[in-house]
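As the structure lists them, so they are numbered: ligands from 1, and atoms in each ligand from 1. From a predicted model like this one, the values you see are computed outputs, not experimental measurements.
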Amino acid sequence: MHELGIVFYIIKNVKQVAEENHVDHVSNVVMDIGEVSTIIPSYLTDCWRWAADKETLLKGCKLTINTIPAVTLCDDCHQEFETVKHGKTCPHCHSENTWLLRGNEVEIKELQIES
Ligand SMILES: [Zn+2]
């Protein structure tokens, strides 16, 4: 239950931000989740529903997930390519001297508060 751990992490952060800003209720939490992060969005939203509804601050609060496409950069030819399609090997020069540029994010992007 990796996703449940992430949910508790999100709740902890959202609570902290809400407290600092004197917010009583959050209506939507927007997350950036990288395509090759180990998070399964449907599990995450299931865990979220279960855990968020136990909190007054987050009762009925939605979890919106933006999927960030994974991109790898080749260190030899300096071209970018789709990680999911090509893996670790550069499709341009076949080098394995590559590293993940983005796609591993698990970030809280935005909190939306109903007025
Ligand atoms: Zn290359």
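Residue Cys77: an N/O/S atom is found under 2.8 Å from the Zn ion (ligand 1). Between the Zn ion (ligand 1) and Cys74 there is an N/O/S contact shorter than 2.8 Å. In summary, an N, O or S atom of Cys93 is located under 2.8 Å from the Zn ion (ligand 1).
You'll find the side chain of Cys61 stays beyond 4.5 Å of the side chain of Ser27, heavy atoms only. With a 4.5 Å cut-off on side-chain heavy atoms, Val106 and Ile39 count as touching.
Residue Ser95 is tested with Asp75, Thr89, Asp76 for a side chain to side chain donor-acceptor pair (under 3.5 Å); the sole match is Asp76.
Here NE2 of His25 is found 9.5 Å from CD1 of Ile113. Values are rounded to the nearest 0.5 Å.
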